[in-house]
Protein chains: 2
Amino acid sequence: MSLRIALLGLLSVSGPASGYDLTKKFETSINYVWQAGHSQIYPELAKMAADGLITVEPEGPRGRKIYTITREGTDELHRWLVERVPTDPVRSEGALQAFLLPLLSAPEALDVLSRLTAAAETRLADLRALRATKLALHESDQWKIGYYALDLGIRHALTTIDWARHTAAEIDPGSA
Amino acid sequence: MSLRIALLGLLSVSGPASGYDLTKKFETSINYVWQAGHSQIYPELAKMAADGLITVEPEGPRGRKIYTITREGTDELHRWLVERVPTDPVRSEGALQAFLLPLLSAPEALDVLSRLTAAAETRLADLRALRATKLALHESDQWKIGYYALDLGIRHALTTIDWARHTAAEIDPGSA
DNA sequence: AGCAACATGTAATTGGTTACATGATTTA
DNA sequence: TAAATCATGTAACCAATTACATGTTGCT
């Protein structure tokens, strides 16, 4: 369901686009909230067209197919946004390592923590870079799309880094 | 893979247990980092036994089967903890709503934010309650298992609440 | 006797990843 | 003309959810 919503959202914001275009947007823009590859996107677009949420204009330049959101699609998207109670199943390898951390010796645990910190720092840098470019060329009217989610992601990364520092100090008071 | 690790972790911490016991632990303890139901757990235990990571003592009281972690299982678990670089695919309905928030009118967006806040507050309360009981009866030696992950979860929930308040104020400066 | 909790499984379906497969256009 | 990028698809597999299915023990 959410893949469908993400696609409707992108089509709604940036107008008609091909599966290829949308795949690129998944790689470069929406990927920090939802991920999908072309092998998942192409079949989903076909189903969405069959369901009347989008229309297809076949045969652009290289067999390129342009999809446009319909009124029904816009309605479906709006309904999901205002009605859907989000359920985010917790399934995180990082949190699982945190959970089982006491099974390790202090030096091993500190290693794991520094790895988790490094991952969070990389993510933080990526998100901040994205925000910087976003702010620099802020895409006309719709520049706010993605902005709040970016902020949320940055805050979560900072929180993870903070937690790791705090936890390391608790495991080894000397290393702080 | 991670389901397997979670099961090995629980067996390592609390000693031999049945599929039923482990299912209960998934519901009550490890569920805030990894979720699974019995229909996923039973077949996985069978595979793990076939792979030599655990052994089975069949036929307790009601057809109850007791699983015990082997040396190989312990090694596999340890290796995963110290070597595995965690990859947490981002796929969050809540973040997707945040991403698409600017598609809504201000009042609609504020509604969505208050729903996200409510969800985070519920989670926060759950995690704090868990921590309180955990600290009260801190299970002998192994009470620290799960503790750091609990702390991480609580911090993330607080961050989400903070973000939602901040974002609401940005959308409607009057409502703050 | 009946209900709740214990206890284990399988089947059907959906969602997602990796790998396979093919062809068109642009650019160096 | 060769490589890169554009462009679309399918197949095999793994992970996860929901529903179906069955039997046991303890308690009231």
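Below, each value reflects all heavy atoms present in this structure, side chains not excepted, and no hydrogens, waters or symmetry copies. Chain A is the first sequence line, chain B the second, and so forth, proteins listed ahead of strands; every chain is numbered from 1.
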Distance in angstrom units between [X] [atom1] and [N] [atom2], rounded:
{"X": "B:Leu22", "N": "C:dC6", "atom1": "CG", "atom2": "C1'", "answer": "14 Å"}
{"X": "A:His38", "N": "D:dC6", "atom1": "NE2", "atom2": "C1'", "answer": "12 Å"}
{"X": "A:Ile41", "N": "D:dG9", "atom1": "CD1", "atom2": "P", "answer": "12 Å"}
{"X": "A:Leu3", "N": "D:dA16", "atom1": "CG", "atom2": "C1'", "answer": "17 Å"}
{"X": "B:Ile66", "N": "C:dA7", "atom1": "CD1", "atom2": "C1'", "answer": "11 Å"}
{"X": "A:Arg64", "N": "D:dT8", "atom1": "CZ", "atom2": "P", "answer": "7 Å"}
{"X": "B:Asn31", "N": "D:dA16", "atom1": "CG", "atom2": "C1'", "answer": "16 Å"}
{"X": "A:Leu96", "N": "D:dA15", "atom1": "CG", "atom2": "P", "answer": "15 Å"}

Step by step, would you call B:His156 with B:Arg123 a side chain to side chain donor-acceptor pair (under 3.5 Å)?
CA-CA 10 Å; B:His156 275 153; B:Arg123 181 165 171 77; over 6 Å; no

Which sits closer to the 5' end of DNA chain C, B:Tyr67 or A:Met1, going by the nucleotide each is nearest to?
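So the residue in question is B:Tyr67.
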
Would you indicate what [X] reaches in the nucleic acid, counting non-hydrogen atoms under 4.0 angstrom: base, sugar-phosphate, or nothing?
{"X": "A:Ser18", "value": "sugar-phosphate"}
{"X": "B:Lys24", "value": "sugar-phosphate"}
{"X": "A:Pro61", "value": "sugar-phosphate"}

Within the structure, does a side-chain N or O atom of [X] lie under 4.0 Å from either OP1 or OP2 of [N]?
{"X": "A:Tyr20", "N": "D:dT8", "answer": "no"}
{"X": "A:Gln40", "N": "C:dT17", "answer": "yes"}
{"X": "A:Tyr42", "N": "D:dG9", "answer": "no"}
{"X": "A:Arg91", "N": "D:dT17", "answer": "yes"}
{"X": "B:Arg62", "N": "D:dT25", "answer": "no"}

Of B:Glu44 and B:Ser39, whose nearest nucleotide on DNA chain D comes first from the 5' end?
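Of the two residues, B:Glu44 wins.
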
Closest approach to the side chain of A:Asp21, judged atom by atom: which nucleotide of C:dA7, D:dA7, C:dG9 is it?
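Of the candidates, D:dA7 comes closest.
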
Under 4.0 Å between a Lys/Arg side-chain N and an Asp/Glu carboxylate O for B:Asp88 and A:Arg91?
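No salt bridge links B:Asp88 with A:Arg91.
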
Report the residue from B:Leu8, B:Leu7, B:Thr68 that forms a side-chain contact (heavy atoms from CB on, under 4.5 Å) with B:Ile54.
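One option only clears the test, and that one is B:Leu8.
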
Could you tell me whether the side chain of B:Asn31 and the main chain of B:Glu27 form a donor-acceptor pair under 3.5 Å?
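Yes, B:Asn31 side chain to B:Glu27 backbone: donor-acceptor pair under 3.5 Å.
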
Within the 4.5 Å heavy-atom criterion, are B:Leu113 and A:Tyr148 side-chain neighbours or not?
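No - every pair of side-chain heavy atoms lies 4.5 Å or more apart.
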
